[in-house]
Asker: 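Have a look at this one.
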Number of protein chains: 2
Amino acid sequence: MGEGNGSDRAVVAGIREAILTGEFVPNQRLVEADLSERFAASRARVRAALLELTNEGLVERVQNRGARVRAVRLEEAIEISEVRMVLEGLCAAKAATRITEAESEELERIGENMREAVASGDVLGYSRLNERLHRRVREISGQHTAATVLERLRAQNVRHQFRLAMHPGRPTVSLPEHLAIIDAIRAHDAEAAEAAARAHLRSVIRTLPEAARRPAEPA
Amino acid sequence: MGEGNGSDRAVVAGIREAILTGEFVPNQRLVEADLSERFAASRARVRAALLELTNEGLVERVQNRGARVRAVRLEEAIEISEVRMVLEGLCAAKAATRITEAESEELERIGENMREAVASGDVLGYSRLNERLHRRVREISGQHTAATVLERLRAQNVRHQFRLAMHPGRPTVSLPEHLAIIDAIRAHDAEAAEAAARAHLRSVIRTLPEAARRPAEPA
DNA sequence: ACCGACGAAATTGGTGACAATCTCGGTGGT
DNA sequence: ACCACCGAGATTGTCACCAATTTCGTCGGT
C-alpha cells in the first residue's frame with residue numbers, strides 16, 4: 001500500500017507501540033510538543049504521524065483541540081469483531097486452497113504448542129500463539145487487502161482483545177475452535193475453514209460483553 | 001470516525017473528487033505547487049491532504065519523488081472485490097434483521113427504478129441506482145465499521161467499477177442479482193440476503209477480467 | 001553515434017516563527 | 001453562593017523560507 005515518509009515511520013511506530021502496549025491509555029491527550037520531544041522528531045513529523053494514526057483508527061482528533069487516544073466502546077468492539085468475522089473467514093477459506101506442505105506443518109506445530117500452553121496454564125504464551133496463528137493464516141491466504149484491513153481492526157480492538165484473553169476459562173473454550181480452523185485449512189477444505197473461522201469469531205463476540213465487565217489493565 | 005482538520009477537508013474532497021471522476025488519471029503526478037494553486041490553498045494544506053488520501057489508498061507517495069494517483073491493477077481489484085463480497089454480505093444480513101417498513105418500501109422503489117432503467121437502456125441511471133442501493137443497504141445495516149471500510153474500498157475500485165458498468169450486457173446480468181438482494185432483505189431473511197449479496201459480488205469478480213480488456217474512459 | 005559525468009531547474013522535505021484558538025483560574029457583580 | 005466575563009498560559013494551525021533531493025538536458029570523451 002501507499003507508504004508515507006520513511007522517517008515518519010519511526011514516530012508512527014513509536015506512538016502506535018505506546019498505544020498498543022497500554023502505556024498511552026484511552027482518552028489520554030497526545031500533545032504534539034511532548035511527543036516531539038519524546039521521539040526526538042520535529043513537530044511536523046509528529047503531526048503527520050498523528051494524521052496517519054487517526055486514519056488507522058487509533059487516534060481521535062478534534063479541530064484546535066488536539067489528539068487523544070481513541071477509546072473503543074464495547075458496542076463498537078462488537079461491530080469490529082463482526083467485520084473481523086467475515087474477513088477472517090475469507091482468509092481462512094483462501095488459505096485452505098493455497099497452503100503448502102511446509103506451511104501446513106507450521107500450523108500443526110502452532111496447534112500443538114497451543115494445546116501445551118493451555119494444558120500448562122500459560123495464558124500469555126497462548127495469547128502469543130493465538131496472535132501468531134491468526135497472522136500466519138492471513139499471510140498464507142495471500143489476501144493483501146483483507147490482511148491490511150484486519151491488522152488495522154485488530155489494533156483498534158487490542159484493549160478488548162486483552163481483556164478477553166484474561167477472561168477465566170477462555171483458553172479452554174477457544175482452543176478447540178482454533179484447532180478446528182487449523183484442521184480445516186490443512187485439509188484444504190475452504191468451506192469448513194470459513195465456517196470454523198466464523199464460529200470462532202462468533203464465540204469471541206459472545207464473550208466480549210462478559211469480559212468487558214471485569215476491569216483488567218495491561219502492564 | 002476520526003475527522004481531520006476542517007479546512008483541509010475542502011482540499012481533500014477536491015482532489016478525491018478529481019480522482020473519482022477520472023479527471024486525474026492513474027499514475028498522474030500530483031505536484032504540490034499545482035494543486036496549491038488550483039485549490040487556492042497553501043502547500044502545507046495540500047501536503048496534509050495528500051497524506052490523508054495516501055492513507056485512503058487513492059494516492060501513492062514515494063520519498064522525495066512526490067505523489068501520484070494510485071493505479072489499482074486487476075489482480076488487486078479482484079482482491080478488493082473479494083473483501084467487498086464478504087462485507088456486503090455482512091451488511092445485507094444485518095440489514096435484513098433491522099430494516100423498517102419505510103426503508104423496505106424505499107428498497108422496493110429502487111428495485112422498480114432499476115427494472116425501468118434496464119428496460120429503457122439507461123446505463124448511467126442504472127449505475128446511479130446501483131450505487132444508491134449499495135449505499136442504502138450499508139446504512140440500513142447500521143454497521144458503521146463495515147460501511148467505512150466498504151466506502152474506502154469502493155473508492156479505490158472506482159475505475160474498474162466504471163468499466164464494469166460499461167460492459168455490454170452487464171445490467172441484464174446484475175439486475176436479477178440486485179433484485180434478489182432486495183427481496184431477501186425485505187423478507188427479513190438474513191441468510192438469504194448474505195447469500196444474494198455474495199452471489200452478486202461473485203458475479204462482479206467473474207466479469208472484472210473481461211471488462212478490464214476493453215478500454216473505456218470516463219468523461 | 002553512444003555513454004557517462006555534470007549542472008541547472010523543478011520539486012519535495014524540514015524548520016522556525018507567528019497567528020488563531022482553546023483551557024482554566026480568577027474577578028467582579030448580583 | 002452563583003454566574004457571566006475575561007485574561008494569561010498552553011496548544012494547535014498556518015505560513016514563508018531554505019535545504020536536500022531528484023530530474024533532465026547538455027557536454028565532453030571515446
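Lettering of chains follows the sequences in order, A, B, ..., and the numbering in each one begins at 1.
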Asker: In this structure, how many angstroms lie between the P atom of C/dC22 and the CZ atom of A/Arg68, rounded?
Answerer: 15 Å

Asker: Could you state the atom-to-atom distance from CD of A/Glu37 to P of C/dG16 in whole Å?
Answerer: 14 Å

Asker: Would you list the atom pairs, donor with acceptor, under 3.5 Å between side chains in residues 34-41 of chain B and any protein atom, with sequence neighbours excluded?
Answerer:
unit_1, atom_1, unit_2, atom_2, d
B/Ser36, OG, B/Ala41, O, 2.5
B/Arg38, NH1, B/Glu23, OE2, 2.8
B/Arg38, NH2, B/Glu23, OE1, 3.3
B/Arg38, NH2, B/Glu23, OE2, 3.4

Asker: Using whole Å, report how far CD of A/Glu32 lies from P of C/dG14.
Answerer: 16 Å

Asker: Could you go through B/His134 and B/Glu88, starting from their C-alpha distance and side-chain angles, then the distance that decides it, and tell me whether this counts as side-chain hydrogen bond (donor to acceptor under 3.5 Å, both in side chains)?
Answerer: CA-CA 8 Å; B/His134 284 269; B/Glu88 302 235 16; 2.7 Å; yes

Asker: Take the protein atom CG of B/Leu51 and the nucleotide atom C1' of C/dT12, then report the distance between them rounded to whole Å.
Answerer: 13 Å

Asker: Using the side chain to side chain donor-acceptor pair (under 3.5 Å) criterion, which residues pair with A/Arg202? Sequence neighbours excluded.
Answerer: none

Asker: Can you name the residues that form a side chain to side chain donor-acceptor pair (under 3.5 Å) with A/Arg65, not counting sequence neighbours?
Answerer: none

Asker: For A/Arg43, give me all partners under salt bridge (Lys or Arg N to Asp or Glu O under 4.0 Å), at least two apart in sequence or on another chain.
Answerer: A/Glu32

Asker: Give me, pair by pair, the N or O atoms of the protein and of nucleotides 18-24 of chain D that are less than 3.5 Å apart, along with how far apart they are.
Answerer:
unit_1, atom_1, unit_2, atom_2, d
D/dT21, O3', B/Asn64, ND2, 3.4
D/dT23, OP1, B/Arg65, NE, 3.3
D/dT23, OP1, B/Arg65, NH1, 3.3

Asker: Can you sort out the partners of B/Glu103 under salt bridge (Lys or Arg N to Asp or Glu O under 4.0 Å), two or more places apart, ordered by chain and number?
Answerer: none

Asker: How bent is the helix from C/dA1-D/dT30 to C/dT30-D/dA1, comparing axes over its five end pairs at each side, to the nearest 10°?
Answerer: 0°

Asker: Any salt bridge (Lys or Arg N to Asp or Glu O under 4.0 Å) involving residues 133-148 of chain B? Give me the pairs, sequence neighbours left out, ordered by first then second residue.
Answerer: B/Glu106-B/Arg136, B/Arg135-B/Glu139, B/Arg136-B/Glu139, B/Arg138-B/Glu151

Asker: When you measure from the side-chain N and O atoms of B/Ser42 to the phosphate of D/dT14, is any distance below 4.0 Å, counting only OP1 and OP2?
Answerer: no

Asker: Does a side-chain N or O from A/Arg47 land closer than 4.0 Å to OP1 or OP2 of C/dT15, or not?
Answerer: no

Asker: Taking any heavy-atom pair under 4.0 Å as a contact, classify A/Leu30: base, sugar-phosphate, or nothing.
Answerer: sugar-phosphate

Asker: Run the side chain to side chain contact (heavy atoms under 4.5 Å, CB included) test against B/Asn157 and tell me which residues pass, sequence neighbours left out.
Answerer: B/Val72, B/Ala77, B/Ile80, B/Ser81, B/His160, B/Gln161

